[in-house]
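Heads up, the thing below is written out as structure tokens.
Atoms within a ligand are numbered from 1 in the order they appear, just like the ligands themselves.
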Amino acid sequence: MKNFPIVKSRRLRSTPYTDRIEAQGVSSYTVYNHMLLPSSFKSLEFDYHHLKEFVQVWDVAAERQVEITGKDSAKLVQLMTCRDLSKSKIGRCYYAPLVDHKGLLVNDPIINKLAEDKWWISIADSDVIFFAKGIAAGSKLDVEIKEPNVNILAVQGPFADNLMAKLFGEEIKKLKFFNFNYFDFKGYKYFIARSGWSKQGGFEVYVENDLAGQDLYDYLFEAGKEFNVRPGCPNLIERIESALLSYGNDFDNRDNPFEANFDKYINLETKIDFLGKEKLKNIKQEGIKRKLMGVKIDHDKIDMYCEKTLFDDSNNIVGYVRSAAYSPTFKKVIGIAMINKPYWDTNDQFKIEIDEKIHVGTVCDLPFI
Ligand code: THG
């Protein structure tokens with residue numbers, strides 16, 4: 001399929017870092033939360049190898065925050081997720097599926113607890129703010145809900161610790177996975193979490209002041225020279241190998257959290273109250289008939305502008321590939337697919353059409369690495 005330029009406008013929002021990444025050679029964008037999200041720089045494969053070897057700075061401002069404050073904020077946040085947050089602590093980040101009253105997935109954000117009555121829901125690509133406002137209005141909750149001007153810079157890769165320590169001091173190396181704290185640099189305080197949408201390690205800086213963020217961006221490149229720093233972005237190949245799921249691609253509002261393998265974040269036995277709890281109990285009892293799994297295909301390329309159907313030898317539907325890319329590590333196309341129950345055995349074979357030719361592949365477990 002041919003690629004066309006994307007026209008910018010106020011509705012398709014830029015970020016405080018857009019001028020910088022364009023000067024540095026961003027080569028493609030996707031749209032995420034109505035905002036520009038870079039998707040490649042030199043090339044997908046070059047960026048992939050660089051991310052796994054060195055360190056990158058990512059403009060992930062499109063990971064927007066939904067801020068919930070006020071007396072009933074904890075109650076509202078809990079109503080939105082099937083993960084039990086009753087023992088949650090300030091300074092922690094919680095990966096938490098959001099579920100609607102039908103037990104279907106709304107989003108898979110990281111929920112940051114800033115205070116007992118202040119939360120930042122760091123969302124994937126769906127309009128969580130309206131879901132939150134709807135519940136708050138319907139349940140007459142005493143809360144304020146807004147999208148604050150927070151623009152995340154991620155620092156990812158094996159040299160992320162060394163680079164961040166040069167700016168923020170050695171203390172930052174002690175920050176634990178999915179914890180956050182405030183760190184100073186040149187007169188500004190930055191909210192920094194050890195997290196990020198890669199499995200190469202690193203941090204996310206939740207920047208609250210545009211000018212401070214742009215300054216930080218430039219300092220990261222200055223200080224990062226000795227670590228061969230480059231601009232980067234969430235990498236399709238790396239994130240599929242690591243099975244970091246993407247809302248809207250791998251699962252959406254037609255799927256339930258069991259089908260998306262979120263079992264460990266579904267707490268049905270506690271007293272907490274959340275939307276869709278009874279529905280999820282029913283789904284659990286009945287059992288699911290399809291789930292996300294990995295696929296490997298004997299081919300060297302695939303275009304993923306829509307779901308692709310997988311067939312068995314008798315042309316029965318095995319499932320649907322939802323994300324895929326050629327992996328230079330596996331020397332195959334690898335993908336994340338919704339697979340029907342009779343085909344859950346690893347090494348089950350299927351056929352898939354790519355560029356008008358039939359190729360063969362096998363089902364496998366996630367993650368790939
Ligand atoms: N960082 C921040 N916001 C985000 C993302 C992020 N919002 C959008 C999107 N990414 C949300 N989705 C995910 C998906 C996976 C993870 C984080 C956000 C993730 N998962 C780890 C895993 O699955 O191994 C860890 C989960 C855990 O231990 O709880 O990191 O990246 N700010």
Side-chain angles (χ1 to χ4, degrees), residues 15 30-35 37-39 51 56-67 80-85 87-89 91-99 105-114 119-129 147-148 150-157 160 175-181 190-208 213 232-236 238-252 255 257 260-267 292 294 322-323 336 365-369:
T15 88
T30 184
V31 178
Y32 197 88
N33 287 319
H34 317 279
M35 199 170 220
L37 174 64
S39 55
L51 169 63
Q56 297 182 348
V57 177
W58 297 359
D59 169 2
V60 281
E63 296 169 351
R64 304 309 291 167
Q65 307 309 300
V66 174
E67 179 181 290
M80 293 196 285
T81 179
C82 55
R83 181 166 181 180
D84 184 357
L85 296 175
K87 295 183 183 73
S88 59
K89 293 184 173 67
R92 294 276 176 86
C93 323
Y94 298 89
Y95 184 43
L98 305 189
V99 174
L105 285 157
V106 167
N107 203 288
D108 67 328
I110 294 176
I111 298 178
N112 297 296
K113 184 172 184 174
L114 286 81
W119 307 73
W120 278 353
I121 307 182
S122 189
I123 61 171
D125 186 24
S126 74
D127 293 309
V128 171
I129 193 162
E147 186 188 293
V150 172
N151 297 286
I152 300 181
L153 279 178
V155 179
Q156 300 284 298
L175 190 64
K176 292 204 180 87
F177 187 62
F178 269 49
N179 280 229
F180 67 82
N181 211 333
Y190 296 89
F191 171 122
I192 303 179
R194 191 183 281 277
S195 55
W197 216 56
S198 86
K199 285 283 181 188
Q200 306 311 313
F203 301 88
E204 291 183 300
V205 188
Y206 289 66
V207 176
E208 293 173 78
C233 50
N235 183 277
L236 182 66
E238 196 276 343
R239 78 96 181 159
I240 292 175
E241 286 180 357
S242 307
L244 290 167
L245 298 183
S246 169
Y247 185 85
N249 287 321
D250 306 325
F251 65 98
D252 61 32
D255 307 314
N261 301 326
F262 285 133
D263 302 59
K264 67 175 170 176
Y265 309 113
I266 306 171
N267 301 123
L292 290 181
R322 291 179 166 185
S323 298
I336 296 172
D365 289 324
L366 293 171
F368 291 88
I369 291 177

- Run the side-chain hydrogen bond (donor to acceptor under 3.5 Å, both in side chains) check on Asp59 and Thr15 step by step: do they pass? CA-CA 8 Å; Asp59 169 2; Thr15 88; 2.7 Å; yes
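To the nearest 0.5 Å, atoms OG (Ser323) and CZ (Phe251) are separated by 10.5 Å.
Considering only heavy atoms from C-beta on, Ser198 stays 4.5 Å or farther from Asn235 through its side chain.
Listed by chain and number, residues touching ligand 1 at under 4.0 Å (heavy atoms only) are Tyr32, Glu63, Tyr95, Asp108, Ile110, Ser122, Ile123, Ala124, Ile152, Phe177, Phe178, Gly196, Trp197, Lys199, Glu204, Tyr206, Leu244, Tyr265.
For Asp365, the side chain to side chain contact (heavy atoms under 4.5 Å, CB included) criterion is met by Met293, Thr346, not counting sequence neighbours.
Between the side chains of Ser126 and Asn107, at least one donor N or O lies within less than 3.5 Å of an accepting N or O. Asp108 and Tyr265 form no side-chain donor-acceptor contact under 3.5 Å, judged by distance and modelled atom types alone.
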